[in-house]
Participant: 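I am attaching a structure below and will ask some questions about it afterwards.
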Amino acid sequence: MTDGVIPLLDLRQIGRTPPVPHPLPPPRPGPWLDARGRPLRDLRISVTDRCNFRCSYCMPKEVFDKDYAFLPHRDLLSFEEITRLAGVFAGLGVQKLRLTGGEPLLRRNLEALIAQLAGLRTPEGQPLDLTLTTNGSLLARKAQALREAGLRRVTVSLDALDDAIFRRMNDVDFPVAEVLRGIEAAQAAGLAPIKVNMVVKRGTNDDQILPMARHFRGTGVVLRFIEYMDVGMSNGWRMDEVLPSAQVLARLREDAELVPLAPTVEGETATRWGYADGSGEIGLISSVTQAFCGDCNRARLSTEGRLYTCLFAGDGHDLRALLRGDGDHPPRSDAEIAAALGALWTRRNDRYSELRASLPAAESGPARRVEMHYIGG
Ligand code: SAM
Ligand code: SF4
Ligand code: SF4
């Protein structure tokens, strides 16, 4: 692939060759624009690569079995390191932080990280939009503490209302009732608005589209249908298992009158539709059939501190080495890290989903793609 992928920068060299005056001038006020004119607004932070589910589209059991080598604890960024990096990102224009994983609620004492992140401010003095994506399995137990720590809202992944289908999809026999209890607990704790993400796989759970829509209509929960994506190398993705959002919408419109809604924020991934009677809204995330790379303002920080500028990237940029230093280089200052991030973002040229639509599969991406559970959704 010749377009859309930037070679990895040796970030350790930034600030070294050519020498950068020390101390560096304060980073240029945001937004930094990448090579396609896109600002950096949204940072997704994976806090663990482990998960208690084995959704076949993400961590199929055959690959992620008892012998799979998850990251050792020493390789994970500490809460202090994550917060420090998030603060540098905020200085560069990031306005939204999403904690993800793996299953983020498995990371011990996550509330402490949330409390630290909730204290961050944009250069204009505004708190960041702080949210989290979870499979909901531990939410009933944790929602109140998360809210008290400063979490503002939450996205829960739920692929079916039918218990048998749900148990099959999570592949660990986890009951749907417990996730629904988690959603109720999040509502009661004031985590709002709650979004529910449903990955639609043709032939697996597409008969759950209408039951899910009917269940959440009028509850204040925003249900979003996600096209099954070819992320990672393990899920055996096939195009014929993708149900295009246009077909999801057609099915929904047979059941209820829907009207298009305007985007609420720049770079929004979902196309929004509202029930004509005002009883709520749904979203369609069409990453396969209607690529939205054109205004993609997201970066992803892996559990061990590698930065990925695209969900479909082959490799990430090692920020942990900047934080901790290595054999050749001392730990870097915030200003040096900001300079490295700025250099990296301004070179970004990713647009994998657009290329996937226009090129044969073999030419549309790197030979190795990072796994979703490691980089976060
Ligand atoms: N474990 C948490 C969860 O499931 O919400 C957070 C991490 S998960 C990787 C983040 C999101 O990615 C989830 O909403 C999940 O459904 C979605 N996801 C994972 N694999 C996917 C795929 N192949 N296509 C589309 N969405 C996917
Ligand atoms: Fe776990 Fe989320 Fe991946 Fe499912 S989608 S296996 S819950 S990380
Ligand atoms: Fe962004 Fe996805 Fe396009 Fe990559 S493929 S640039 S993550 S929208």
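Quick caveat: nothing in here was measured; it's all calculated off a predicted structure. Both ligands and their constituent atoms are indexed starting at 1 by order of listing.
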Participant: What do we get for T134 next to ligand 1 when only non-hydrogen atoms under 4.0 Å count, side chain, backbone, both or neither?
Facilitator: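 Contact part for T134 vs ligand 1: backbone (N, CA, C, O).
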
Participant: Are the charged groups of R38 and D34 less than 4.0 angstrom apart, N to O?
Facilitator: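 Counted as a salt bridge, because a side-chain N and a carboxylate O are separated by less than 4.0 Å.
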
Participant: Can we say K201 and D206 salt-bridge, meaning some charged N sits less than 4.0 Å from an Asp/Glu carboxylate O?
Facilitator: no

Participant: Should the pair R356 and F312 be classed as cation-pi, given the thresholds of under 6.0 Å to the six-membered ring centre and 45° from the axis?
Facilitator: yes

Participant: What is the distance from atom CG of D162 to atom CZ of R167, rounded to the nearest 0.5 Å?
Facilitator: 10.5 Å

Participant: Hey, is atom 4 (Fe) of ligand 3 within less than 2.8 Å of some N/O/S atom on C310?
Facilitator: yes

Participant: Does the side chain of N197 come under 3.5 Å of the side chain of S157 through a donor N or O and an acceptor N or O?
Facilitator: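 Absent: no donor and acceptor within the cut-off.
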
Participant: Please report which non-hydrogen protein atom sits nearest to atom 16 (O) of ligand 1, along with the residue it belongs to and the distance in Å to one decimal place.
Facilitator: V199 CG2, 3.2 Å

Participant: Which protein non-hydrogen atom lies closest to atom 24 (N) of ligand 1, naming both residue and atom, and how far is it?
Facilitator: M229 N, 2.9 Å

Participant: Checking E227 against S245: is there a side-chain donor and acceptor pair closer than 3.5 Å?
Facilitator: yes

Participant: Is ligand 1 under 4.0 Å from a heavy atom in the side chain of E227, in the backbone, in both, or in neither?
Facilitator: backbone

Participant: If the threshold is 4.0 Å, N to carboxylate O, is there a salt bridge linking D230 and R238?
Facilitator: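 So D230 does not pair with R238 through a salt bridge.
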
Participant: Residue-level breakdown please: for T100 versus ligand 1, do any non-hydrogen atoms fall below 4.0 Å on the side chain, on the backbone, on both, or on neither?
Facilitator: side chain

Participant: Out of M372, R98, M59, whose heavy atom sits nearest atom 27 (C) of ligand 1?
Facilitator: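 Closest candidate by heavy-atom distance is M372.
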
Participant: For ligand 1, which is the ligand I care about here, please tell me if E103 has any N or O atom under 3.5 Å from one of the ligand's N or O atoms.
Facilitator: yes

Participant: In ligand 3, which numbered atoms sit nearer than 4.0 Å to a non-hydrogen atom of Y352?
Facilitator: 5 (S)

Participant: Judged by non-hydrogen atoms, does R300 sit under 4.0 Å from ligand 3?
Facilitator: yes

Participant: Taking NZ, NE, NH1 and NH2 as the nitrogens, is one of them in D42 or R44 under 4.0 Å from a carboxylate oxygen of the other?
Facilitator: yes

Participant: Among all protein heavy atoms, pick the one closest to atom 7 (S) of ligand 3 and tell me residue, atom and distance.
Facilitator: L311 N, 3.3 Å

Participant: Charged N to carboxylate O under 4.0 angstrom, D173 versus R168?
Facilitator: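 No.
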
Participant: Do D65 and K61 sit within salt-bridge range, that is, some charged N less than 4.0 Å from a carboxylate O?
Facilitator: no

Participant: To which protein heavy atom is atom 11 (C) of ligand 1 closest, and what is the distance rounded to 0.1 Å?
Facilitator: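 Protein heavy atom at minimum distance: G377 CA, 4.2 Å.
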
Participant: For ligand 3, which part of R298 has a heavy atom less than 4.0 Å away: the side chain, the backbone, both, or neither?
Facilitator: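 Side chain only; the backbone of R298 stays clear of ligand 3.
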
Participant: Can you pull out the closest protein heavy atom to atom 13 (C) of ligand 1? Residue, atom name and distance to 0.1 Å, please.
Facilitator: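 Among all protein heavy atoms, the one nearest atom 13 (C) of ligand 1 is S157 OG, 3.2 Å.
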
Participant: Short list, please: which atoms of ligand 1 are under 4.0 Å from a heavy atom of C58?
Facilitator: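 Near C58, meaning under 4.0 Å from one of its heavy atoms, ligand 1 has 19 (C), 20 (N).
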
Participant: Which atoms of ligand 3 sit under 4.0 Å from any heavy atom of S353?
Facilitator: 5 (S)

Participant: Any ion pair linking R217 and D277 (charged N to carboxylate O, less than 4.0 Å)?
Facilitator: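 Looking at R217 together with D277, the answer is yes, because their closest N to O distance falls below 4.0 Å.
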
Participant: In the protein, which heavy atom is nearest to atom 3 (Fe) of ligand 3, and how far is it?
Facilitator: C293 SG, 2.3 Å

Participant: When only distance counts, is I226 in polar contact with ligand 1, meaning an N/O pair under 3.5 Å?
Facilitator: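 For ligand 1, there is no N or O atom that lies under 3.5 Å from one belonging to I226.
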
Participant: Give a yes or no on whether a salt bridge exists between R98 and D129, defined as a side-chain N under 4.0 angstrom from a carboxylate O.
Facilitator: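 No.
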
Participant: Is there a donor-acceptor contact under 3.5 Å linking the side chains of N349 and R36?
Facilitator: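 Distance-only check passes for N349 and R36.
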
Participant: Quick check on contacts: which atoms of ligand 1 are under 4.0 angstrom from a heavy atom of N235?
Facilitator: 23 (N)

Participant: Which atoms of ligand 1 have any heavy atom of N197 under 4.0 Å away?
Facilitator: 14 (O)

Participant: Going by the order shown, which atoms of ligand 3 are within less than 4.0 Å of some heavy atom of F312?
Facilitator: 5 (S)

Participant: Say you draw a straight line from CZ of R121 to CD of E124; how long is it, rounded to the nearest 0.5 Å?
Facilitator: 12.5 Å

Participant: Mind checking how many protein N/O/S atoms fall short of 2.8 Å from atom 3 (Fe) of ligand 2?
Facilitator: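 For atom 3 (Fe) of ligand 2, the figure is 1.
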
Participant: Look at atom 6 (S) of ligand 3 and find which of V231, D350, L355 reaches it with the closest heavy atom.
Facilitator: D350

Participant: Please determine if D334 and R84 form a salt bridge, counting it only when a charged side-chain N lies under 4.0 Å from a carboxylate O.
Facilitator: yes

Participant: Determine whether Y228 and M239 fall in the same hydrophobic cluster, where Ile, Leu, Val, Met, Phe, Trp and Tyr are linked whenever their side-chain heavy atoms lie under 4.5 Å apart.
Facilitator: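 Yes, one cluster joins them.
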
Participant: Nearest non-hydrogen atom to atom 1 (N) of ligand 1 belongs to which of S234, G101, G102?
Facilitator: G102

Participant: So, 2.8 Å as the limit: is an N/O/S atom of C296 located closer than that to atom 3 (Fe) of ligand 3?
Facilitator: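 No N, O or S atom of C296 is closer than 2.8 Å to atom 3 (Fe) of ligand 3, so no.
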
Participant: Any salt bridge linking R272 with E281? Criterion: basic side-chain nitrogen under 4.0 Å from a carboxylate oxygen.
Facilitator: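 Yes.
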
Participant: Evaluate the side-chain proximity of L151 to L132: yes if any heavy-atom separation is below 4.5 Å, no if none is.
Facilitator: yes

Participant: Any luck finding a side-chain donor-acceptor pair between Y374 and E304 under 3.5 Å?
Facilitator: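 There is such a pair between these side chains.
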
Participant: Does the N or O separation between Y57 and ligand 1 drop below 3.5 Å for any pair?
Facilitator: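 For ligand 1, there is an N or O atom that lies under 3.5 Å from one belonging to Y57.
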
Participant: Ligand 1 and Y228, any nitrogen or oxygen pair closer than 3.5 angstrom?
Facilitator: no

